[in-house]
Amino acid sequence: MTKQEFDNALNAIEKRYNDAQEQLYIEYAKSNNPCKVGDIIEDHIGKGRIIEQQVTRNYRDKRSSMFYECIELKKDGTPRKKETLRTFYQCNLKSINGKPYKYDE
């Protein structure tokens with residue numbers, strides 16, 4: 001085996017490992033996702049209605065979770081006059097559709 005063949009084989013193994021790890025992060029976050037598009041969520045800043053959700057990695061505890069792109073809502077649950085978008089993170093959620101929620105750390 002030449003040095004080039006060794007390097008190519010090692011790179012292939014590392015790529016398979018990284019792909020499998022990324023897939024595990026996605027699977028974990030989606031299986032622990034309590035929200036769906038259209039839900040009204042609240043965090044320490046305010047309320048929002050989910051229009052999109054994506055996976056994010058938390059490097060502090062080596063796990064993944066979700067973040068939600070939302071249309072910001074007033075306290076009464078109606079959209080603001082100037083429709084603004086805001087990102088909510090799963091770990092900051094206080095309630096989902098009016099029901100209390102605590103992120104499992």
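Quick caveat, the model's predicted, so the values are computed rather than measured. Below, each value reflects all heavy atoms present in this structure, side chains not excepted, and no hydrogens, waters or symmetry copies. Residue numbers count from 1 along this sequence.
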### Test side chain to side chain donor-acceptor pair (under 3.5 Å) applied to D19 - qualifying residues, sequence neighbours left out
K15

### Task
Taking side chain to side chain contact (heavy atoms under 4.5 Å, CB included) as the test, write out the residues that go with D7, two or more places apart.
K3

### Between CD on residue Q21 and CD on residue E14, distance to nearest 0.5 Å
12.0 Å

### Message
Rounded at 0.5 Å granularity, tell me how far CD in Q53 sits from SG in C35.
### Response
7.0 Å

### Message
Test of understanding: with side chain to side chain contact (heavy atoms under 4.5 Å, CB included), list the residues that count as partners of S31, not counting sequence neighbours.
### Response
none

### Task
Give the C-alpha distance, both sets of side-chain angles, the deciding distance and a yes or no for side chain to side chain contact (heavy atoms under 4.5 Å, CB included) between Y101 and Q90.
CA-CA 10 Å; Y101 173 77; Q90 183 179 357; 3.1 Å; yes

### Task
Without swapping roles, check the side chain of N33 against the backbone of A29 for a donor-acceptor pair under 3.5 Å.
no

Donor-acceptor list for residues 38-48 side chains, cut-off 3.5 Å, not counting sequence neighbours:
residue: D39; atom: OD1; partner: N97; partner atom: ND2; Å: 3.1
residue: D39; atom: OD2; partner: K36; partner atom: N; Å: 3.0
residue: E42; atom: OE1; partner: S95; partner atom: OG; Å: 3.3
residue: D43; atom: OD1; partner: I45; partner atom: N; Å: 2.9
residue: D43; atom: OD1; partner: G46; partner atom: N; Å: 3.0
residue: D43; atom: OD1; partner: R86; partner atom: NH2; Å: 2.9
residue: D43; atom: OD2; partner: R86; partner atom: NH1; Å: 3.2
residue: D43; atom: OD2; partner: R86; partner atom: NH2; Å: 3.4
residue: K47; atom: NZ; partner: K75; partner atom: O; Å: 3.1

### Of all pairs that satisfy salt bridge (charged side-chain N to carboxylate O under 4.0 Å, His left out), the ones with a partner from residues 21-35, not counting sequence neighbours
E22-R57

### Query
Linking I/L/V/M/F/W/Y whenever any side-chain heavy atoms sit under 4.5 Å apart, do V55 and Y68 land together?
yes

### Task
Please name the pair of heavy atoms, one in D104 and one in R63, separated by the smallest distance, quoted to 0.1 Å.
O-NH2, 3.1 Å

### Task
Linking directly or through intermediates, with side-chain heavy atoms under 4.5 Å: list the remaining ILVMFWY members grouped with L10, chain and number order.
M1, F6

### Query
I71: which other cluster members, linking ILVMFWY side chains closer than 4.5 Å, directly or transitively?
I51, L85

### Query
So do S65 and T56 actually touch side chain to side chain, heavy atoms under 4.5 Å?
yes

### Task
Look up atom CZ in F88 and atom CG in L93, then write down how far apart they are to the nearest 0.5 Å.
8.0 Å

### Summary
E83 meets the side chain to side chain donor-acceptor pair (under 3.5 Å) criterion, sequence neighbours left out, with none

### Steps toward side chain to side chain contact (heavy atoms under 4.5 Å, CB included) verdict (S64, N32)
CA-CA 9 Å; S64 56; N32 290 295; over 6 Å; no

### Query
Tracing side-chain links under 4.5 Å among I, L, V, M, F, W and Y, which residues wind up in one group with Y28?
none

### Query
Got E69 and I50 here, is their nearest side-chain heavy-atom distance under 4.5 Å?
no

### Message
Let me confirm one number: the CD1-CG distance from I13 to N18, rounded to the nearest 0.5 Å.
### Response
12.0 Å

### Task
Only counting residues at least two apart or in another chain, list the ones meeting side chain to side chain donor-acceptor pair (under 3.5 Å) with Y89.
none

### Query
Can you list the residues that meet the side chain to side chain donor-acceptor pair (under 3.5 Å) rule with T2, with sequence neighbours excluded?
none

### Query
After noting the C-alpha distance and the side-chain angles of E52 and Q54, does the key distance pass the side-chain hydrogen bond (donor to acceptor under 3.5 Å, both in side chains) rule?
CA-CA 7 Å; E52 185 180 344; Q54 295 181 20; 2.5 Å; yes

### Residue list, salt bridge (charged side-chain N to carboxylate O under 4.0 Å, His left out) with K81, at least two apart or on another chain
none

